[in-house]
Amino acid sequence: MTRAVVLPRPRPEIEALPRYSTASGVATVRWRASSNESAIAPSPAVAEAIARTGTHGHLYPTPFSDDLVAALAERLSVPAAEVLTGAGSLALLQQVLTAFTGPGTEVVHAWRSYEAYPILIGIAGATAVPVPLDAQHRHDIDAMIAAVTSRTRVVLVCSPNNPTGTELSTAELRHLLDSIPAHVLVVLDEAYREFAAGDVDGVELLRAYPNLVVLRTFSKAFGLAGLRAGYAITHSETAGHLRAAAPPFGLSSVAEAAACAALTETAHTDRIVESVRAGRRHLRAELTARGIETPSSGGNFVWIPVGQRAAALEAACVAHGVSVRAFPGEGVRVTVGERAAEDAVLAALNGLTSDLTARRPD
Ligand SMILES: *Cc1c(COP(=O)(O)O)cnc(C)c1O
């Protein structure tokens, strides 16, 4: 006789959460263009810092990554009290949502945007209020302003936006910040800022708008996605609330040392950024030549809005040895920076192009 196993159940919100997806083929393909990783490995100096710190792995780091906070504060010319670190900028976003939202509150964000957003909002027990992108795949700032209610605690802005690559201007961000109540936090996710074409600087905006939280990461332009290091800059009082909402020792000593070393390796970061800019130019030009228009991208990826053909394009890419991120019915996001991977995507497209242009979305 088998007895039914009765297991404890989590909160209903947790059971209902969408799962963070993994791209198809990612474990077996030759090239990974599905997770916006850098194609370039950490520099020798960073690898050396990782190895050296590993030998002290029996010791705790400082609770709030004092060395990295000091290095960032100096580099950004802000007081250390305005800087926080976390195991990736996503951990910091979770701290924001834990500290400032919860059941009965709302978080306004653009959609399509980063797929982790609705998941983290759901974990916090808050209600996500997604606002559709406009026809140019950009945040619809006026619609986001209109979506703010008395229940709104956070407005989450992603610029450059993942997965469409579109950027907001400083004027648009000022318009948003001027139009919403000062007691609502605005989180500006600048994960891709180093690749951006525009001149937006969240830290500069923070001077005029103390209700801003700027999120940045070492995962993209610094090439440390596997080490998990991100940071936030915000008003010192808000920073204190965010520190209170996280377990101490959020950043490992190894990640902290790697991030500190990466900050000084500017030539290496420049190389990553240059390879991304070249890849974007190459891929977008080749797509245009095939009759496929893509939005100009400020990220380390290109958005191919092929609508209903997204799944077919993803399958063709995997067959050509490269993983990409498909959003069924919407499009495909391709990470750039490695010419062979970009060319594999183009080879995949060559077999599909007539089909794709014949059925352009909307
Ligand atoms: C990649 C990415 C991040 C980075 O997350 P980490 O936790 O720092 O690795 C944050 N926001 C967006 C929109 C991203 O695409």
Side-chain angles (χ1 to χ4, degrees), residues 20-23 26 32-39 42 65 68 72 83-98 107 109-121 123 128 130 133 137-139 154-168 173 186-196 200 202 213-233 242 246 250-252 254-256 258-259 262-263 269 272-273 276 280 295 297-303 323-325 327 331-337:
Y20 198 83
S21 65
T22 35
V26 72
R32 290 158 66 110
S34 47
S35 293
N36 293 348
E37 295 152 325
S38 168
S65 329
L68 181 55
L72 287 166
V83 181
L84 303 107
T85 60
S89 53
L90 280 178
L92 292 155
L93 177 57
Q94 180 155 27
Q95 281 165 246
V96 171
L97 296 171
T98 303
V107 179
H109 65 90
W111 197 251
R112 169 69 62 183
S113 189
Y114 191 25
E115 90 178 290
Y117 294 161
I119 298 175
L120 293 187
I121 294 165
I123 292 172
L133 299 175
H137 313 284
R138 308 180 77 246
H139 282 45
V154 170
V155 176
L156 180 47
V157 176
C158 186
S159 181
N161 185 48
N162 178 3
T164 61
T166 49
E167 293 174 46
L168 292 167
L173 287 166
V186 174
V187 175
L188 175 60
D189 186 341
E190 292 195 310
Y192 299 100
R193 80 175 303 268
E194 293 84 358
F195 308 112
V200 169
V213 179
V214 179
L215 299 181
R216 294 182 180 174
T217 183
F218 287 92
S219 295
K220 308 288 157 61
F222 292 92
L224 299 181
L227 294 214
R228 315 302 304 126
Y231 60 104
I233 313 106
L242 298 182
L251 201 58
S252 78
V254 172
E256 182 182 11
L263 266 184
T269 306
I272 293 175
V273 171
V276 163
R280 264 180 351 208
S297 173
N300 62 353
F301 53 86
V302 170
W303 175 241
S323 64
V324 296
R325 182 76 68 161
F327 299 95
V332 169
R333 189 195 68 199
V334 178
T335 308
V336 298

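FYI, the numbering just counts along the sequence from 1. Whatever order the structure lists ligands and atoms in, that order sets their numbers, starting from 1. Computed from heavy atoms alone, side chains included, the values below leave out hydrogens, waters and symmetry copies.
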Close side-chain approach of [X] and [Y], heavy atoms under 4.5 Å:
| X | Y | result |
| --- | --- | --- |
| Val187 | Val157 | no |
| Val302 | Arg280 | yes |
| Leu120 | Val107 | no |

What I want to know is whether Tyr192 and ligand 1 share at least one N or O pair that is separated by under 3.5 angstrom. yes
Under 3.5 Å, N or O to N or O, is Leu90 touching ligand 1 that way? yes
Without hydrogens or angle criteria, can the side chains of Tyr117 and Asp189 be said to hold a donor-acceptor pair below 3.5 Å? yes
Scan side-chain atoms only and decide if Asn161 and Ser113 contain a donor-acceptor pair under the 3.5 Å cut-off. yes
Give the residue and atom name of whichever protein heavy atom lies nearest to [atom], and the separation in Å to one decimal.
| atom | value |
| --- | --- |
| atom 7 (O) of ligand 1 | Arg228 NH2, 2.7 Å |
| atom 9 (O) of ligand 1 | Ser219 OG, 2.6 Å |
| atom 5 (O) of ligand 1 | Ser89 OG, 3.4 Å |
| atom 11 (N) of ligand 1 | Asp189 OD2, 2.6 Å |

Tell me whether ligand 1 is touched by [X] - counting only heavy atoms on the residue side and a distance under 4.0 Å.
| X | answer |
| --- | --- |
| Asn36 | no |
| Ala225 | no |
| Ala191 | yes |

Okay, side chain of Glu190, backbone of Val214: is any donor-acceptor separation there less than 3.5 Å? no
Under a 3.5 Å distance rule, please check whether Arg333 uses its side chain to pair with a backbone N or O of Pro163 as donor and acceptor. no
Report the C-alpha separation of Glu167 and Arg138 in whole Å, then their side-chain angles, then the decisive distance to 0.1 Å, and conclude whether the salt bridge (charged side-chain N to carboxylate O under 4.0 Å, His left out) test is met. CA-CA 7 Å; Glu167 293 174 46; Arg138 308 180 77 246; over 6 Å; no
I need the atoms of ligand 1 closer than 4.0 Å to a non-hydrogen atom of [X], numbered in the order shown.
| X | value |
| --- | --- |
| Cys158 | 13 (C) |
| Tyr117 | 13 (C) |
| Gly88 | 6 (P), 7 (O), 8 (O) |
| Asn162 | 13 (C), 14 (C), 15 (O) |

Basic-acidic side-chain contact under 4.0 Å: Glu194, Lys220: no
Taking the minimum heavy-atom distance to atom 2 (C) of ligand 1, which of Arg216, Lys220, Arg333, Glu190 ranks first? Lys220
